[in-house]
Participant: 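Structure below; questions to follow.
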Amino acid sequence: MIKFPRLHSTLLAKACLLLSVILPVASMPAAETKRPNILWLVAEDFGTALSCYGNKDISTPVLDQLAKEGVRYNHFYTTAPVCSPSRSAFMTGNYAVSIGAHNHRTANKQPLPEGVMPLSIRMHEAGYFTANLAKLPASFGFRGTGKTDWNFTFTGEAFDGKDWAELKGHQPFFAQLNFHETHRDFLGPKKVDPAKVTLPPYYPDHPVVREDYARYLDDTLELDRKVGVILEQLKTDGLLENTIIVFMGDNGEAHVRGKQFCYEEGLHVPLIIRWAASMVPPEHFKAGTVDDRLLESIDLAPTYLDLIGVPIPASMQGKPFLGNKVGAPKQYVFGARDRCDETAMRLRTVRDERYRYIKNFTPELPFFAPNAYKAKQYPAWNLIQELNREAKLTPVQAELCADKMPVEALYDMQQDPHEIKNLATSKDPAVQEALQRLRGVLDTWIKETKDQGAIPEPPGAGVEAAKKRATKRAANPPTEPAK
């Protein structure tokens, strides 16, 4: 195994390593000591636009088949609607607001708090070879992005390798492969007819919007194809049956009301897990089923630590959802949006099985607050504002262009899945009960997580971060040609 210096090694971690070698995995029979490989397939800026999640505009046969062979999770949520705080959270098992990683791409990043570290480090210390796969076989015709985008500083090597060719000789492995699909720019071959896509009611039915939405679905089809290439190579290499496959999105879809906002579209992402066929599945996992439990992306880290026999750190806020340490189902999942690019907007949200509640701490800002990235990359961003000036929007669509956003919003996800009817001022007793309850739950969560979003960044931090992002993007644009 390749060895790198680690800043966060502790006596406890070494003890965990010893135990993980001596003891069998808790969820497996005592005679079975072989530990599974784990491969995360991470799509960027991706909602649930898969046919197995009910999308009728396209067919995604590879991921649909993966869901049939594994478990599809219907209510899996990232804890932030943009990549750097979201990835910081699911790679540590902690809310970004608790570890100081809540602002998108902080200019002056800070080290992680004591006792918090990336999952890749914990897996390495448990005897796993870790990889962030960027170098793939030439026959694939594509590379992994190698993206981490953590909003904290980390000194040392976070992964042992990056080359697919290393996996077969370094088992068990914990690897992740990041796809640039469905992040903008959309580069997938054009297959979807814009005239036939189904638009949500808050977007205008306009040729520009239809074309943009179709290109997003084209990238979804390309993502599905690439996942198929990966699975076929695992089979060829003799790794498929010993590897747990985890497919997920890092944050919500790359559309105007998705990414960067706390609506369902910004936080609801897919999760499909296919268990290693050669190994006994854990409790709460039954292949070929759909799981409707409320789950958060920070639950992944503690789940897999527990399944390989490593104690879950007391500092970790996520909870295991597989194995024999699963507690009562979560009643609530939470999300937070802080500064994104140059706009310091602070939103907090909680969702239960029926309602989503959003608290806005910056109601003076409009939805279309300055965002040079979206203005350049999202055609509908500028178009919607132009159509509003021309009075060509429906009332639902025009709400996005209001001078201010509401202080509170409550949506009935059963009756109003598109979140277009704000019930915060409803007189219905049942709705008022839900409002008061979720308001209190969110206030408690803010206190218990020691939410750092109330502490302002230094003046100009957002502008500095936006310039840094623009410079990085100009130097490293997506280059893979459409096929």
Side-chain angles (χ1 to χ4, degrees), residues 45 47 77-78 80-83 85-86 102-105 184 199-206 208-209 212-213 216 251-268 335-351 355-413 416-425 442 453 457 462-463 465-466 469:
D45 297 0
Y77 292 87
T78 184
V82 69
C83 51
S86 172
H102 49 293
N103 289 303
H104 181 38
R105 294 189 177 135
R184 294 171 186 267
L199 296 175
Y202 42 78
Y203 293 147
D205 192 344
H206 187 281
V208 169
V209 181
D212 187 55
Y213 216 85
Y216 167 70
N251 54 255
E253 63 183 28
H255 290 295
V256 169
R257 213 182 79 151
K259 180 181 179 180
Q260 297 193 358
F261 291 96
C262 285
Y263 299 107
E264 197 81 354
E265 301 87 347
L267 295 166
H268 189 200
R337 178 249 159 99
D338 290 88
R339 180 188 48 73
C340 287
D341 304 313
E342 62 266 52
T343 296
M345 184 181 292
R346 186 184 178 211
L347 306 172
R348 297 292 182 266
T349 185
V350 57
R351 188 203 152 135
Y355 294 97
R356 176 173 294 285
Y357 170 75
I358 302 174
K359 176 67 180 292
N360 184 359
F361 290 87
T362 50
E364 69 280 4
L365 295 173
F367 178 91
F368 286 107
N371 191 301
Y373 165 70
K374 281 199 169 184
K376 182 178 180 180
Q377 296 292 327
Y378 288 51
W381 182 266
N382 297 321
L383 174 68
I384 291 173
Q385 297 174 77
E386 179 182 338
L387 294 176
N388 183 62
R389 289 190 291 269
E390 297 172 356
K392 294 181 179 179
L393 297 178
T394 68
V396 167
Q397 295 157 6
E399 283 187 15
L400 291 178
C401 300
D403 293 337
K404 298 179 180 181
M405 294 176 68
V407 174
E408 291 185 305
L410 181 72
Y411 300 104
D412 185 335
M413 303 306 302
D416 179 27
H418 290 297
E419 300 159 292
I420 58 177
K421 187 177 181 181
N422 185 357
L423 301 176
T425 59
L442 186 63
E457 286 184 296
V463 174
R469 173 181 186 149

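The basis for the numbers below is simple: all heavy atoms, side chains too, and nothing from hydrogens, waters or symmetry mates. Sequential numbering from 1 along the given sequence is applied to the chain's residues.
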Participant: Any pair with a residue in residues 379-393 that passes side chain to side chain donor-acceptor pair (under 3.5 Å), sequence neighbours left out, goes on the list, sorted by first then second residue, please.
Facilitator: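 For residues 379-393: Glu390-Lys392.
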
Participant: CE/Met345 to SG/Cys340 distance, rounded to the nearest 0.5 angstrom?
Facilitator: 8.5 Å

Participant: If you draw the axis of the six-membered ring of Tyr77, does the NZ or CZ of Arg351 fall within 45° of it and under 6.0 Å from the ring centre?
Facilitator: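 No.
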
Participant: Is NZ or CZ of Arg184 both nearer than 6.0 Å to the six-membered ring centre of Tyr378 and within 45° of the ring axis?
Facilitator: yes

Participant: Check whether Tyr411 forms a cation-pi arrangement with Arg356 (NZ or CZ under 6.0 Å from the six-membered ring centre, at most 45° off the ring normal).
Facilitator: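 No - Arg356 does not lie over the ring of Tyr411 by the 6.0 Å and 45° rule.
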
Participant: May I have the step-by-step check of side chain to side chain contact (heavy atoms under 4.5 Å, CB included) for Val82 and Lys259, ending in yes or no?
Facilitator: CA-CA 6 Å; Val82 69; Lys259 180 181 179 180; 4.0 Å; yes

Participant: Any chance you could measure Glu265, atom CD, to Glu253, atom CD, to the nearest 0.5 Å?
Facilitator: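 Rounded to the nearest 0.5 Å, the CD-CD separation comes to 6.0 Å.
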
Participant: Just say parallel, tilted or perpendicular for the rings of Phe367 and Tyr263, cut-offs at 30° and 60°.
Facilitator: tilted

Participant: Roughly how far, to the nearest 0.5 Å, is CG of Asp212 from CG of Leu199?
Facilitator: 10.0 Å

Participant: Passes salt bridge (Lys or Arg N to Asp or Glu O under 4.0 Å), Glu457 versus Arg339? Steps please.
Facilitator: CA-CA 9 Å; Glu457 286 184 296; Arg339 180 188 48 73; 2.5 Å; yes

Participant: For His102, which residues count as a ring-ring contact (aromatic ring centres under 6.0 Å, His included) partner, sequence neighbours excluded?
Facilitator: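 Per chain and number, His102 pairs via ring-ring contact (aromatic ring centres under 6.0 Å, His included) with no residue.
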
Participant: If we ignore angles and hydrogens, is there a donor and acceptor under 3.5 Å between the side chains of Gln260 and Asp341?
Facilitator: yes

Participant: I need the Thr78 OG1 to His268 NE2 distance, nearest 0.5 Å.
Facilitator: 11.5 Å

